[in-house]
2 protein chains.
Amino acid sequence: MTEKDKQTEEKIFEAATEVFEEKGMDGARMQDIADRAGINKALLHYYYRTKDHLFETVFQLLAGKMLRKFAPVFEKDLTLEEKIRFFFQQHITFMQENPRLPSFVLNEINRNPDRIKKLLKNVDFKKLWMKIEEQHKDELEKYNITIDNIPQIMSTIAAISVFPFAARGILEGIFENLGVEFDTYIEERKGFAADFVIGALQSRKASK
Amino acid sequence: MTEKDKQTEEKIFEAATEVFEEKGMDGARMQDIADRAGINKALLHYYYRTKDHLFETVFQLLAGKMLRKFAPVFEKDLTLEEKIRFFFQQHITFMQENPRLPSFVLNEINRNPDRIKKLLKNVDFKKLWMKIEEQHKDELEKYNITIDNIPQIMSTIAAISVFPFAARGILEGIFENLGVEFDTYIEERKGFAADFVIGALQSRKASK
DNA sequence: ATATAGTTTAACTAATTGGTCAAATATATA
DNA sequence: TATATATTTGACCAATTAGTTAAACTATAT
């Protein structure tokens, strides 16, 4: 009972994830989700009352999963440069396994910005910054990283990691023209991104 | 006649642009577009037979406009570093004026990758590379930029420019937490992005 | 075995939505 | 002015879609 129950609920969740990632909230059809889960539409509504409810459940879990991928970086006992390498390695690998996730999450947040608030309400960014500050005091000074420029730097790191997946359609279109494989490009990117960012940070030594 | 004709067609196009950018193809409603254009739904269908036709018209024009913004960079007679500064300045300013465009275009291409082919079929990237190569031979050598790493470098530049708009919802959510204004962040970004990329490229001198 | 509670289904409903049509109105042309 | 042509409208249609319902089925506990 509980066994079968979980099986069905799990099947629904996986099917819904697929369909929502492919088609988005508006493009997704409950019938399509039911079909992929191998069940009947009424059963779908039995488990998740409405499409909105199902979407919200799927979205919050997926978006949370994606955002949490940023967290372990702050915990590890590594130098700043090692952390940057570690981050790109982990984050890009995660997106290789969930290639549609970034585009889906970004888009649905843009379409309804309130959704992000629920996810971020437990995160205290000021505290996070203080943590980094005491962990990497001298490195931050060396690279001239301050609370004032951290939004630019962090968003740049995120951009370099996430953008290839968010813009996959365009990149694949261009790469086709050039004879480049997207998968190869992504594999290379883990190292390239780290080198690029570390290089840029090192060049900041001079300033200040 | 032709006057009023153009007025109506223009009004429809503008309304459709707004609605499609906000809601996407699937979320957009013909009634909503008609309302915003101040006309009747039947008239909408009189000018653009179907929703698909209207969408395709709007999409091709907007996406083309966005992609063409990358072009002038290759024409100008500037040093490579000047070109990088010029690009971020121009491109980010353009997106300030069309803030929903990047997310819209990226998303609709991911949802239907064939759309990009029509846009790129007249662009010869190999030729473009050869052009850059002869314009900036020594600079490319100095920064160790080759045909092999150009996809990584170009996509990184695009990422740094486009990502803030594609991820605007999330960034605004985080910035709120930090007391940072998105508009200020974007204004700063024009310079920051150029410095960051040039710094990263300069650090590549050593390699090779 | 049988009563009970949870599970699954086929058939149905109500609302939304893209698209049509015939009639009305404005505009240009002869 | 009269006629043809282009534009605009309100009312309508057919298809799709989220959600409901009542009945059938299954497993478990007594």
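Below, chain A is the first sequence line, B the second, and so on; all start at residue 1.
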Q. At under 4.0 Å, does any side-chain N or O of R29(A) touch on OP1 or OP2 of dA18(D)?
A.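 So the side-chain polar atoms of R29(A) do come within 4.0 Å of the phosphate oxygens OP1 or OP2 of dA18(D), strictly under.
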Q) Is the distance from OP1 or OP2 of dT9(C) to the nearest side-chain N or O of Y46(A) less than 4.0 Å? A)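 No.
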Q: Kindly state each residue pair satisfying ring pair (Phe, Tyr, Trp, His ring centres under 6.0 Å) with at least one member in residues 74-93 of chain B, sequence neighbours excluded.
A: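 Qualifying pairs, neighbours excluded: F70(B)-F87(B), F70(B)-H91(B), F87(B)-H91(B).
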(Q) Looking only at side-chain N and O atoms, does R111(A) offer a donor or acceptor that is under 3.5 Å from a partner on S103(B)? (A)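 Side chains of S103(B) and R111(A): no pair found under 3.5 Å.
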Q: Compute whether any side-chain donor of one residue and acceptor of the other, for N112(B) and E108(B), lie under 3.5 angstrom apart.
A: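 Short answer, no.
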To the nearest Å, how far apart are [X] [atom1] and [N] [atom2]?
| X | N | atom1 | atom2 | value |
| --- | --- | --- | --- | --- |
| R49(A) | dT21(D) | CZ | C1' | 17 Å |
| M30(A) | dA15(C) | CE | P | 19 Å |
| H53(A) | dA18(D) | NE2 | P | 17 Å |
| Y47(A) | dG6(C) | OH | P | 12 Å |
| L44(B) | dG10(D) | CG | P | 14 Å |
| D35(A) | dT9(C) | CG | P | 12 Å |
| I12(B) | dT7(D) | CD1 | P | 11 Å |
| K51(B) | dT16(C) | NZ | P | 16 Å |

Q. Any donor-acceptor pair under 3.5 Å joining the side chain of K41(B) to the base of dG19(C)?
A.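 Side chain to base: pair found, below 3.5 Å.
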Listed nucleotide nearest any side-chain atom of [X], set [options]:
| X | options | answer |
| --- | --- | --- |
| T8(A) | dA6(D), dT9(C), dT8(C) | dT8(C) |
| I39(B) | dT9(D), dT17(C), dA18(D) | dT9(D) |
| L43(B) | dT8(C), dG18(C), dT8(D) | dT8(D) |
| N40(A) | dA10(C), dG19(C), dT7(D) | dA10(C) |
| H45(A) | dA18(D), dG10(D), dT20(C) | dA18(D) |

Q) Do side-chain atoms of Q89(A) reach the backbone of K190(A) as a donor and acceptor pair under 3.5 angstrom? A)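 Answer holds: no.
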Q: Could you give me the CA-CA distance, side-chain angles and deciding distance for N107(A) and L106(B), then say whether side-chain contact (heavy atoms from CB on, under 4.5 Å) is met?
A: CA-CA 9 Å; N107(A) 198 55; L106(B) 292 183; over 6 Å; no
Q. Which residue, A42(A) or Q31(A), contacts DNA chain D at a nucleotide closer to its 5' end, judged by nearest heavy atom?
A.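 Between the two, 5'-proximity favours Q31(A).
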(Q) By the 4.0 Å heavy-atom rule, please label A34(A) as base, sugar-phosphate, or nothing. (A)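 Nothing, no nucleic acid heavy atom in range.
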